[in-house]
Amino acid sequence: MSTYYITTPIYYVNDKPHIGHAYTTILADVLARYHRELGDEVFFLTGLDEHGQKVQQAAEARGVGSQQHCDEMAPRFLELWDKLGISYDDFIRTTEDRHKTIVQQVLQAVYDSGDIYKGEYEGWYSVSEERFISDKERETGEFRDVRKIKEPNYYFKMGKYQEQLVQYIHDHPEFILPPHRRNEILGKLREPIDDLCISRPKSRLEWGVEIPFDTDYVTYVWFDALLNYVSAPGYGSNEETFGKWWPADVHLIGKDILMTHAIYWPTMLFSAGIPLPKCIFAHGWWLTEKDDGEAEKMSKSLGNVVNPLDLIDQYGVDPVRYYLMREMVLGQDSNFSLSSFIKRYNSDLANDLGNLVSRVNRLITRNFDGKLPRAGEEEKSDAALRNTGESIGAIVAGKIEEMKVNEAVETTIEFVRSINIYLEQHKPWMLLKTEEGPGKARAGTVLFYAAEAVRLALQLLHPIMPDKVRELLGMVGDHNPDFTTAAWGRLKSGVGLNEFTAPFPRIEVERDSTPREKKEPKLEKEEPKVSDNLISYDDFIKVDLKIAEIIGAEKIEKADKLLKLQVKVGDEQRQIVAGLAGHYTLEELPGKKIVIVANLAPAKIRGVESQGMLLAADDGETLSLLSLDRDITSGAKVR
Ligand code: MSP
């Protein structure tokens, strides 16, 4: 029997669970269920990341102890997983002793091997990310709550393992997936990586795992959190279970935490002498559509998160699971919107699947005493349906193995559609009008084949919609489904069908109301605070920064500092007047890709129209155009 060990990230206990957390966890659940149904022995791990500055600050703000704060926050995740039908095998919290002991054990081992040293550090620290950031990162402006910190700390010799890691990634093409994420990491590893600061002085932060060789310090949250993947299956405490599960088959993560998983984690494992996980798979983000139609990430700090509980309460768990799995191409970003949810629900679930089961069930119930009819002689089109049914399981399984869950669902729904077409072709309802005799017998055969095909399709959808599938299976005569056999030929003639109850009632969108306002799940809006010398995020995003390619440059008469540039912004050509003369020659400008403000009202400068403005840095002596560190198409947005 094969084993399959899958993990989700452990979520920050402070966060309010949202659709992004729900997505990763449902995806892991679908893969875990799928492997169980294949007959694999599965260990599905999820949990909570409970240490760090944010937790300590939140607890202080509430006037409670950090542990109490965590204990009070943790159930929100457990309740959501319960509601979402998440079949996890273990739920780890980093404040548990079984985890803390292992963190200390690994730290001590890494220290003893000489891979940890003490040094002074001065740098920018992002409290929201819980890590030191480089000057370059700070300049991106993407980090909030950044402060300068100088302190003695312990360092892990991460740089020492850089070459080994690069070699490992080359030798194991499946280690980081999808491939574009592997390339991203290899790109980062082309530059030298710094050693990793892995401690925090207790004077600044108390809420962490104490460093075993210096009790004035606690462990940096990421060094602590990543180790959950080995502490839960029994590293250092139970050799047998650890040997059984490790290395993990897949760490499922969002693209936002790729660097910590694909650089910090493997180098930590190299140092501790633990084998690396087989695969780190990074999925994309769920984005929401803003009022102007642009997509933006869902995040707590932007205040635009969709609360999965609202959706579940309104439409049920399984449709939400279905939508999230069907809609996101694994590895890419996806837009979440209520209208696409309703569209998908109505077309796939209410129309294609719901109507099919309803038709088969009603025709059998009304015409065959509610019992599955006997299948007569197989005709060509029956054989065609059976043949598809016999091969569909392997096709869907192949897609899941390749982490193409959305395609697996799509293939299954196409099969459902082909069953509808089969019914339309044979019209058993017309055959039944002939009363007893050959017409009814043929209708019986057609309905039996249709029921068996639906049964198969349902079986393939079981990891995605476990509850609804059980309900629907009873309506086509499968009362004790055995999910480990997806093969054709399970249903038995003469078995009674459960009564039909519409499992996916159509969602009607009222025409004369504005469904968006009425039905859009609540967004957790928190107004960002803006002080005197700061602008709000909303102000900042009004500036439309874009990449432009310079295609021509000319002097402007009687204006010795100005140049007239022609630039390409996507398909559009514009003219921009800029004070570049004396800093750049006319020849060196064409071909350069620069950043422009694309939504600046046009103005005449020395009588020449300028449609936008370019960005350049100026220290009084040198003027330098803002350009790119890797190529990107003109017209791309700068955020
Ligand atoms: N605690 C760290 C992870 C430590 S793992 C050793 C952390 N936690 S988190 O609460 O911020 O959760 C991050 C994960 O939530 C992401 O990697 C991703 O799996 C999921 N998502 C959060 N927002 C998301 C979207 N908008 N869309 C999709 N998934 C996202 O980082």
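As the structure lists them, so they are numbered: ligands from 1, and atoms in each ligand from 1. As the structure is a prediction and not an experimental result, all values here were calculated from the model.
- Contacts classified as salt bridge (Lys or Arg N to Asp or Glu O under 4.0 Å) and involving residues 261-278 (residues at least two apart or in different chains) are given here: D249-K278.
- Considering K255, H51, H18 only, the shortest heavy-atom separation from atom 23 (N) of ligand 1 involves H18.
- The shortest N or O to N or O distance between H261 and ligand 1 is not under 3.5 Å.
- The closest heavy-atom contact to atom 2 (C) of ligand 1, among the options T24, I257, L48, I10, comes from I10.
- Between Y88 and F91, the ring planes are tilted. Angles from 30° to 60° get that label.
- For Y23, the closest heavy-atom approach to ligand 1 does not fall below 4.0 Å.
- Y161 and F156 have parallel rings, their planes meeting at less than 30° on a 0 to 90° scale where 60° marks the start of perpendicular.
- Screening R76, Q68, H69 against E72 for a side-chain hydrogen bond (donor to acceptor under 3.5 Å, both in side chains) leaves a single residue, Q68.
- The atoms of ligand 1 that sit less than 4.0 Å from any heavy atom of D49 are 1 (N), 2 (C), 4 (C).
- For ligand 1, the polar-atom distance check against Y11 finds no nitrogen or oxygen pair separated by under 3.5 Å.
- The nearest pair of heavy atoms linking F77 to P17 is CE2-CB, 3.8 Å.
- Looking at L252 against ligand 1, nothing comes within 4.0 Å, counting heavy atoms.
- Taking distance alone, with nitrogen or oxygen atoms compared against 3.5 Å, I253 stays at or beyond that limit from ligand 1.
- Heavy-atom proximity to atom 21 (N) of ligand 1, evaluated over A22, G20, P17, is greatest for G20.
- Here salt bridge (Lys or Arg N to Asp or Glu O under 4.0 Å) pairs that include residues 161-183, with residues two or more places apart or in two chains, are R181-E184.
- A salt bridge does not link K54 with D145: none of the charged nitrogens is closer than 4.0 Å to a carboxylate oxygen.
- Taking every non-hydrogen atom of H283 and a distance limit under 4.0 Å, the qualifying atoms of ligand 1 come out as 19 (O), 28 (C), 29 (N).
- Electrostatic pairing of R36 and D89 counts as a salt bridge here, judged by a charged N lying under 4.0 Å from a carboxylate O.
- Between W286, F77, W222, it is W286 that holds the heavy atom closest to atom 28 (C) of ligand 1.
- Within ligand 1, the atoms closer than 4.0 Å to a non-hydrogen atom of G284 are 28 (C), numbered from 1 in the order shown.
- Distances below 4.0 Å separate heavy atoms of D15 from the following atoms of ligand 1: 10 (O), 11 (O).
- Note on ligand 1: Y229 sits in its first shell, one or more heavy atoms being nearer than 4.0 Å.
- Nearest heavy-atom pair across P247 and P277 is CB-CA, 4.0 Å.
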